[in-house]
Amino acid sequence: MKNLYKLLVAAFSFTLFTGLVSCNKETATTQTDVMNSMLTNKNWYLDYSITGNSTKSYVGQSTYFVTYLKDGTTKDSDGLTGTYTVEVVGNQSQLHVQLKTSNGNPLEVIYNIISVGETKLVLSKVVTTGTATQLYFTNK
Amino acid sequence: MGATRLFSNKFLLLFSILSFAASSLTAQTLTKKQQDSAYLLNPGQERLRKIKKSLAKKFVNFVGNDVSLFGNLVLSNQNINDKGVTAPINYLYNTVNSNTFNSGYSGGFRIDGIYKEKHRYALSFAVNRVAAGNNYKNKYSLSPFIDDFTHFKADNNFTTINVAAHYKKLLPVNAMNKYKFYAVVGPSFDYKISRISNEQLINGAGNRAIINGDLGAEFDNKGYYVLYAHYKLGVNMTSSSVPVQLNRFEIGMSIKAKDLF
């Protein structure tokens with residue numbers, strides 16, 4: 001019986017130790033880490049773009065796609081390359097893309113992330129004037 | 001002649017074993033230090049003896065404590081309300097929502113006793129491996145693009161340690177001197193010890209502590225073993241942006257430790 005009690009105490013101590021070692025909490029980057037893991041290393045094909053009441057469908061056409069790589073770089077089917085970061089500004093999750101135009105000038109485009117998942121991505125382009133365009137992507 | 005030789009051989013073997021044992025015993029003579037410590041009081045042992053004595057005095061009304069080991073099958077389902085999640089993340093509803101009872105397992109030990117020779121109780125400690133089916137309460141859509149999705153994905157495979165205190169009521173069923181049936185009720189507490197995924201931690205949703213209300217029935221077969229079925233309804237112990245209600249059915253058996261060891 002003495003051995004049994006020793007065994008029980010050992011099992012109890014082990015589980016407590018395991019519990020303490022495996023403790024993890026939410027940090028400032030938890031949300032962006034999850035969004036990044038869903039966003040990266042996939043080709044996102046544009047299915048719809050909606051500006052105000054005007055809806056354009058590209059379903060099945062595979063006309064335009066963009067890729068966000070794990071190393072923080074991005075490229076699209078038009079040949080534009082650049083870097084990107086996922087940020088949470090206030091309560092708004094945003095995708096900041098730094099591009100270079102064909103004549104070599106830097107250009108920053110900011111998208112509000114409406115929704116990101118394993119297979120669906122919805123972005124809204126941030127504009128200073130006019131109506132924002134919402135872009136609906138699928139990962140095929 | 002052969003019998004005499006066999007007897008003498010056996011005698012020689014026995015003599016050899018005895019002499020070897022005797023030499024081993026003499027080899028275990030205590031050192032001077034051990035001899036001294038045998039006469040002196042060991043402060044650690046003395047303290048332990050005092051603690052045991054004082055505990056026995058304090059818990060004089062808790063008698064007949066039997067330690068049992070148990071193992072059980074756990075069927076689990078969790079209801080998830082993700083209304084508090086603001087992160088713009090989508091999980092397709094049909095891929096994360098199963099709304100079934102999935103099977104896990106648990107094991108541990110329990111102490112069964114009687115308080116003031118009247119009230120039966122069981123205190124238990126267990127390690128649970130929970131595999132839960134998920135029932136998401138809320139569905140969202142972004143037409144025409146995404147039909148049904150959730151903002152949150154709960155971990156459905158996790159490990160907890162569980163501590164329970166149950167009151168056992170003997171039921172007047174059948175021949176009570178042979179078979180005993182008990183109704184069991186009481187609280188229990190679970191603490192998640194496995195790693196919580198980042199997806200579950202978002203927006204302060206990752207709670208580790210669960211408080212349960214337990215209800216069940218137990219069948220004691222002449223003290224040889226106990227078969228039992230428990231239902232546990234658990235909720236987050238502290239407030240969470242994603243309240244989770246954990247439903248569990250446990251079906252298992254316990255055997256007294258002294259019968260096993």
Side-chain angles (χ1 to χ4, degrees), chain A residues 1-9 11-12 14-27 29-39 47-50 55 57 59 86 88 90-95 111-124 134-138, chain B residues 66-69 85-93 95-96 107-111 125-128 140-147 149-153 158-163 190-209 241 256-261:
Chain A
M1 282 297 272
K2 249 183 179 178
N3 285 337
L4 171 71
Y5 286 121
K6 278 180 187 170
L7 191 72
L8 293 178
V9 169
F12 182 72
F14 175 73
T15 45
L16 273 186
F17 175 74
T18 316
L20 290 174
V21 165
S22 65
C23 264
N24 54 322
K25 288 181 177 177
E26 184 183 15
T27 63
T29 62
T30 302
Q31 186 172 320
T32 53
D33 287 347
V34 173
M35 289 193 290
N36 262 317
S37 72
M38 289 177 161
L39 197 66
D47 274 354
Y48 298 96
S49 72
I50 300 175
T55 303
S57 172
V59 176
V86 175
V88 179
N91 277 330
Q92 181 63 56
S93 301
Q94 291 184 327
L95 184 63
Y111 299 97
N112 285 333
I113 299 173
I114 307 299
S115 192
V116 57
E118 286 294 338
T119 57
K120 308 277 186 182
L121 170 67
V122 184
L123 302 175
S124 175
Q134 289 201 345
L135 304 165
Y136 293 76
F137 294 91
T138 307
Chain B
D66 281 319
V67 178
S68 307
L69 299 184
V85 174
T86 56
I89 295 171
N90 67 71
Y91 300 95
L92 299 182
Y93 192 81
T95 60
V96 292
F109 67 91
R110 56 187 261 179
I111 301 165
F125 171 82
V127 179
N128 303 303
Y140 307 90
S141 70
L142 266 173
S143 65
F145 194 59
I146 317 175
D147 277 342
F149 67 92
T150 69
H151 286 309
F152 181 76
K153 187 180 167 192
F158 51 88
T159 306
T160 70
I161 49 172
N162 174 273
V163 182
D190 273 277
Y191 188 79
K192 285 184 189 175
I193 58 169
S194 54
R195 190 183 183 282
I196 296 179
S197 71
N198 275 352
E199 291 166 318
Q200 165 108 29
L201 286 172
I202 279 180
N203 294 151
N207 265 357
R208 286 185 177 272
S241 58
K256 281 181 187 168
K258 67 184 176 191
D259 293 342
L260 287 170
F261 300 96

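Keep in mind that the numbers below use all heavy atoms, side chains included, and drop hydrogens, waters and symmetry copies. In what follows, chains carry the letters A, B, and so on, assigned in the order in which the sequence lines appear, proteins first and then strands, with residues in each chain numbered from 1.
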Taking side chain as C-beta onward, heavy atoms only, is A:Y136 less than 4.5 Å from B:I146? no
Interface moiety of B:Y91 toward chain A, non-hydrogen atoms closer than 4.5 Å: side chain
Quick check for you: to the nearest 0.5 Å, what is the distance between A:I114 atom CD1 and B:F145 atom CZ? 12.5 Å
What's the spacing between A:Q31 CD and B:T86 OG1 if we round to 0.5 Å? 6.0 Å
Kindly write out the residues that satisfy ring pair (Phe, Tyr, Trp, His ring centres under 6.0 Å) with A:Y48, not counting sequence neighbours, or none if the list is empty. none
Can you name the side-chain hydrogen bond (donor to acceptor under 3.5 Å, both in side chains) partners of A:D33, sequence neighbours left out? A:T29
Answer with side chain, backbone, both or neither: which region of A:V88 has an atom nearer than 4.5 Å to a non-hydrogen atom of chain B? neither
Rounded to the nearest 0.5 Å, the CD1 atom of B:I89 sits from the CD1 atom of A:I113 at a distance of 9.0 Å
If we define contacts as heavy-atom pairs under 4.5 Å, which of A:G117, A:S37, A:S115 has the most with chain B? A:S115
Portion of B:L92 that has a non-hydrogen atom of chain A nearer than 4.5 angstrom: side chain
Portion of A:V34 that has a non-hydrogen atom of chain B nearer than 4.5 angstrom: side chain
